[in-house]
Amino acid sequence: MSLPDLFREIDPPQRLLMGPGPVNAHPRVLRAMAADLLGQFDPEMTDYMNEVMALYRPIFGTENRWTFLVDGTARAGIEAALVSMVSPGQNVLVLCFGRFGLLLTEILDRIGAIVEIIEVPWGEIVPLDQIAQAIERFGPKLVATVHGDTSTTMAQPLEGLGDLCRAAGVLSYVDATATIGGMEIAADRWGVDVVTGGLQKCLGGPSGSAPITISDMAAERIFSRRHVELGLQTAKPIENRGRRIGSNYFDLAMIMDYWSEKRLNHHTEATTMLYGARECARVTLGEGLEARFDRHAAAGRAMTAGLRAMGLIVYGDDRYRMTNITGVYIPKGVDGEAVRRRMREDFEIEIGTAFGQLAGKIWRIGAMGYNAMKHKVLITLGALEAALRAEGFQAPPGAGVDAALAAWGE
Ligand SMILES: *Cc1c(COP(=O)(O)O)cnc(C)c1O
């Protein structure tokens with residue numbers, strides 16, 4: 001690489017990101033992120049923090065006081081939740097119906113939890129009665145699950161999960177990264193204790209901030225393990241260091257002390273990401289949650305209809321498919337990567353590959369946040385048809401786009 005290359009300004013191609021995330025950010029979010037910086041205890045900054053807490057409550061479908069941001073990508077929210085709630089040796093039940101269920105398991109293994117997994121074949125979801133039986137048999141302290149798992153495009157139904165857990169005195173955790181802002185999140189109605197998300201899917205922002213909501217009951221458990229005796233937050237001399245577990249950066253008790261009126265120093269809040277997260281929420285609530293869910297559902301319906309009209313087979317059980325991402329089988333004899341390359345090079349469109357057992361078998365085509373729009377779905381389908389034809393698969397000309405157009409308004 002020559003020196004002039006290193007000094008050139010960033011000028012990325014105008015790519016349309018129609019994969020499983022990240023997606024193109026809403027321009028308002030990018031503009032908000034260009035705003036000037038503030039000190040972390042500046043009253044303007046702490047006002048913004050309080051506004052973020054208020055803005056994310058309706059997005060999570062909750063009145064939880066503890067609704068804020070964990071700095072880091074969605075995985076930071078997941079890890080903070082688990083490492084702050086679970087102690088070594090505690091029983092945790094994980095619902096595993098895709099790759100992100102494996103991620104929960106991996107994090108819990110590192111914590112030293114005793115993990116029981118309910119695993120179902122990819123493309124399916126976990127039935128409620130199976131969860132009830134496992135709770136009774138295993139006696140977990142926590143039940144952890146993903147809502148929409150982008151690896152399989154399935155959304156786990158969560159209605160009733162919280163009641164089940166609360167009746168057994170069990171806390172519950174949900175990773176809603178892939179669905180927040182696109183499908184309904186109803187933390188209070190579901191009765192789930194902790195839900196985390198990210199910006200780079202249906203909230204239409206960049207990755208780097210993880211919204212989280214925590215019930216009072218979960219907050220109580222988290223605070224009961226706090227390590228303030230260390231005096232770190234108040235910079236008091238170290239007297240009794242005690243035994244500590246978990247993470248410092250991801251200690252939700254300390255992060256909550258920072259987001260509370262106490263404003264006890266923990267990390268330096270990521271100002272620019274907070275501006276972005278705040279604008280994501282404003283855009284989302286400005287559109288209206290119902291309208292936004294409808295828009296994602298229309299995009300998913302149009303994408304599915306278009307793919308089927310092209311003669312392709314859509315992956316997974318229709319009853320449980322996420323609205324914002326569609327898995328589709330790569331037709332026999334077609335090189336999936338060659339199609340993706342043509343989409344990117346000729347049309348500036350990115351669609352997703354797949355992981356694990358689905359690698360090389362399906363593509364994952366997203367329509368999320370700012371990209372869950374009619375014209376973007378139509379352009380993607382038209383480009384896919386041309387790329388498929390170039391790779392030897394003859395889809396009926398124009399059928400995909402026509403079917404998608406018809407399905408959008410249904
Ligand atoms: C995309 C996604 C994540 C990603 O986390 P990052 O740390 O932001 O990469 C986590 N969970 C689910 C369910 C996802 O779909």
Side-chain angles (χ1 to χ4, degrees), residues 17-25 29 59-60 69-83 94-108 110 120 122-123 125-126 143-158 161 172-185 187 192 194-213 247 249-250 270 273 276-277 280 296 300 315-316 320-327 350-356 358 362-372:
L17 304 179
M18 301 296 279
V23 303
N24 302 82
V29 175
I59 293 177
F60 278 113
L69 305 175
V70 176
D71 287 352
T73 67
R75 190 178 294 234
I78 301 168
E79 188 147 354
L82 296 178
V83 82
V94 175
L95 315 188
C96 187
F97 54 100
R99 174 178 185 255
F100 287 105
L102 296 174
L103 173 64
L104 300 181
T105 307
E106 204 269 351
I107 294 171
L108 288 161
R110 283 174 191 265
V120 294
W122 284 29
I125 51 97
V126 184
V143 173
T145 185
V146 175
H147 182 213
D149 198 313
T150 39
S151 67
T152 69
T153 72
M154 292 298 116
Q156 171 70 33
L158 294 173
L161 178 72
S172 51
Y173 165 74
V174 175
D175 169 11
T177 306
T179 44
I180 188 169
M183 290 175 71
E184 189 194 16
I185 307 297
V192 299
V194 178
V195 186
T196 64
L199 305 187
Q200 77 267 32
K201 315 248 165 123
C202 301
L203 285 172
S207 70
S209 181
I212 186 170
T213 190
S247 163
Y249 187 72
F250 290 136
M273 283 314 306
C280 283
H296 281 86
Y315 174 80
Y320 303 116
R321 286 195 299 104
M322 296 163 68
T323 57
N324 51 305
I325 180 153
T326 308
E350 178 184 280
I351 62 170
T353 50
F355 295 114
L358 291 175
I362 67 166
W363 294 300
R364 294 175 304 149
I365 310 182
M368 307 191 192
Y370 189 58
N371 287 354

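Because the structure is predicted, anything quoted here is derived from the model rather than measured. Quick note: numbers below take in every heavy atom, side chains included, and nothing from hydrogens, waters or symmetry partners. First listed ligand is number 1; within each ligand, the first listed atom is number 1.
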*Between Leu103, Leu199, Asp175, Thr150, flag the one that comes closest to atom 12 (C) of ligand 1 by a heavy atom.*
Asp175
*Of the non-hydrogen atoms in Pro20 and Arg364, which two are nearest, and what is the gap between them?*
CG-NH2, 3.4 Å
_Distance from atom 7 (O) of ligand 1 to nearest protein heavy atom, with residue and atom_ = Thr73 OG1, 2.5 Å
*asked:* Under a 4.0 angstrom heavy-atom cut-off, which atoms of ligand 1 come close to Val146?
replied: 13 (C)
*What's the shortest heavy-atom distance between Leu17 and Asn24, and which atoms?*
N-OD1, 2.9 Å
*Does a donor on one side chain and an acceptor on the other come within less than 3.5 Å for Thr152 and Tyr315?*
no
*Kindly say whether Met154 contributes a backbone atom to a donor-acceptor pair with the side chain of Arg321 at under 3.5 angstrom?*
no
*Can you check whether Met368's main-chain N or O pairs, donor with acceptor, with His296's side chain at less than 3.5 Å?*
no
*Would a distance-only check, ignoring hydrogens and angles, find a side-chain to backbone donor-acceptor pair under 3.5 Å from Gln156 to Val126?*
yes
_Under 3.5 Å: N/O of Asp149 near N/O of ligand 1_ = no
*Tell me: protein heavy atom nearest atom 10 (C) of ligand 1, and distance?*
Phe100 CE2, 3.5 Å
_So if I count the atoms of ligand 1 from 1 in the order they appear, which ones are less than 4.0 Å from some heavy atom of Ala178?_
15 (O)
*Any idea which atoms of ligand 1 are less than 4.0 Å away from a heavy-atom of Gly148?*
13 (C)
_Selected option - heavy-atom contact closest to atom 5 (O) of ligand 1, from Gly366, Gly101, Gly72, Ala74_ = Ala74
*Taking all non-hydrogen atoms of both residues, which atom of Asn324 and which atom of Cys202 are closest, and how far apart?*
ND2-SG, 3.2 Å
*For atom 9 (O) of ligand 1, which candidate among Arg75, His147, Gln200 provides the closest heavy atom?*
Gln200
_Mode of Lys201 contact toward ligand 1 - side chain, backbone, both, neither (heavy atoms, under 4.0 Å)_ = side chain
